[in-house]
Amino acid sequence: MQIIISTHQGNLYNEEVDYIVVHSETDGGYGIMKNHVPVVSIIDEGYVKLVRGNDQYFVVLCSGILEFHDNVATILVQEAHIGDTPEFAKQALEEIRKERLEKNRQQSVDFTQKERELREHLKNANAGSL
């Protein structure tokens, strides 16, 4: 079966696997094998275990939806990270989130400074007065 995991940045994973196990914090877990009945499921926060032969990988997911039909599992998700264990993948995802939050905070500070500078320039230029 095929699995495709996509974020807003593009495809994170697009490979053939033997089966997957979906684990959601609120709904528990379930497995999907080849020729499984069609499924549509929301994954608030959790992970998907990907199994191919003796190899297994874990993809930690935040805010996503899974659709399975015709032996293709498609997962559209806001954030995801692949790792050898769910704990490793979750830790890496948390680090990415922290970096993103810091970057957003810095951009917010930069925006505030630029807005202050713009107001000062408008005041000094006497914009709007004749």
Side-chain angles (χ1 to χ4, degrees):
M1 66 184 262
Q2 182 82 16
I3 184 162
I4 302 165
I5 301 173
S6 294
T7 68
H8 65 283
Q9 296 173 333
N11 282 353
L12 178 67
Y13 195 84
N14 186 350
E15 297 286 332
E16 288 286 326
V17 295
D18 295 337
Y19 66 93
I20 63 173
V21 177
V22 180
H23 183 270
S24 176
E25 294 295 324
T26 56
D27 297 332
Y30 57 91
I32 298 177
M33 298 179 77
K34 188 174 182 179
N35 299 322
H36 195 281
V37 297
V39 174
V40 175
S41 176
I42 293 174
I43 303 169
D44 54 350
E45 190 167 316
Y47 65 85
V48 176
K49 177 181 172 182
L50 311 172
V51 179
R52 184 171 59 190
N54 292 331
D55 297 330
Q56 64 182 15
Y57 300 97
F58 296 85
V59 182
V60 173
L61 309 170
C62 294
S63 301
I65 185 166
L66 174 140
E67 177 191 26
F68 179 83
H69 70 78
D70 296 330
N71 289 319
V72 177
T74 304
I75 301 174
L76 303 174
V77 65
Q78 270 193 338
E79 294 183 290
H81 199 279
I82 297 175
D84 292 333
T85 67
E87 295 79 18
F88 176 77
K90 189 170 186 170
Q91 180 183 7
L93 183 59
E94 289 300 321
E95 289 174 17
I96 291 169
R97 283 177 147 178
K98 285 179 185 176
E99 289 173 10
R100 217 177 271 149
L101 284 172
E102 179 59 30
K103 183 177 179 183
N104 288 344
R105 188 189 66 74
Q106 184 62 40
Q107 287 176 343
S108 177
V109 170
D110 290 347
F111 179 78
T112 303
Q113 177 63 29
K114 296 297 181 190
E115 187 177 36
R116 194 176 304 123
E117 290 173 7
L118 178 61
R119 284 189 182 139
E120 186 65 30
H121 287 299
L122 289 173
K123 180 181 171 187
N124 291 340
N126 292 326
S129 62
L130 296 171

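These values consider heavy atoms only, across backbone and side chains, with no hydrogens, waters or symmetry-generated copies. One-based numbering along the sequence shown.
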ask   = In Å, rounded to the nearest 0.5 Å, how long is the span from CD1 of I3 to CZ of R52?
value = 11.5 Å

query = Do F68 and Y30 belong to the same hydrophobic cluster, where Ile, Leu, Val, Met, Phe, Trp and Tyr are linked whenever their side-chain heavy atoms lie under 4.5 Å apart, directly or via other members?
reply = yes

ask   = Are the side chains of L61 and L66 in touch, meaning some heavy atoms are under 4.5 Å apart?
value = no

ask   = Any side-chain heavy atom of D84 sitting closer than 4.5 Å to one from Y57?
value = yes

inquiry  = Applying a strict under-4.5 Å side-chain criterion to I, L, V, M, F, W and Y, I'd like to know whether V60 and L76 cluster together.
reply    = no

key: Pairwise distance OG1(T74) to NE2(H69) - rounded to 0.5 angstrom   = 6.5 Å

query = Is V39 reachable from V59 through a run of I, L, V, M, F, W or Y residues, each pair having side-chain heavy atoms under 4.5 Å apart?
reply = yes

message = As a test of understanding, state which of I75, L50, I4 forms a side chain to side chain contact (heavy atoms under 4.5 Å, CB included) with Y13.
response = L50

query = Can N14 and Q2 be said to form a side-chain contact (heavy atoms from CB on, under 4.5 Å), step by step?
reply = CA-CA 7 Å; N14 186 350; Q2 182 82 16; 2.3 Å; yes

note = Value for CD1 (I32) from CD1 (I20), rounded to nearest 0.5 Å, stands at 4.0 Å

task = Give a yes or no on whether a salt bridge exists between K98 and E102, defined as a side-chain N under 4.0 angstrom from a carboxylate O.
result = no

message = For I43 and V77: C-alpha separation, side-chain torsions, deciding distance, then whether side-chain contact (heavy atoms from CB on, under 4.5 Å) applies.
response = CA-CA 8 Å; I43 303 169; V77 65; over 6 Å; no

query = Could you state the interatomic distance from CD (E45) to CD (Q78), rounded to the nearest 0.5 Å?
reply = 11.5 Å

query = Any side-chain heavy atom of Q56 sitting closer than 4.5 Å to one from K49?
reply = yes

query = Shared ILVMFWY cluster between V17 and I5, side chains joined below 4.5 angstrom?
reply = yes

key: Within-4.5 Å side-chain heavy-atom neighbours: E79 and T7   = no

ask   = Should the pair Y47 and H23 be assigned to parallel (<30°), tilted (30 to 60°) or perpendicular (>60°) ring geometry?
value = parallel

ask   = Taking all non-hydrogen atoms of both residues, which atom of M1 and which atom of Y19 are closest, and how far apart?
value = SD-CA, 4.1 Å

key: side-chain contact (heavy atoms from CB on, under 4.5 Å) assessment of V21 paired with V51   = CA-CA 8 Å; V21 177; V51 179; 5.6 Å; no

ask   = Considering residues, nucleotides and ligands other than D44, do more than 12 of their heavy atoms fall under 6.0 Å from its CG?
value = yes

task = Enter the distance from N71:CG to E16:CD here, rounded to the nearest 0.5 Å.
result = 9.0 Å

Spacing of CG belonging to L118 relative to CD belonging to E115, to within rounding of 0.5 Å = 8.0 Å

request  = Answer yes or no: are there more than 12 heavy-atom neighbours, outside I42 itself, under 6.0 Å from its atom CD1?
outcome  = no

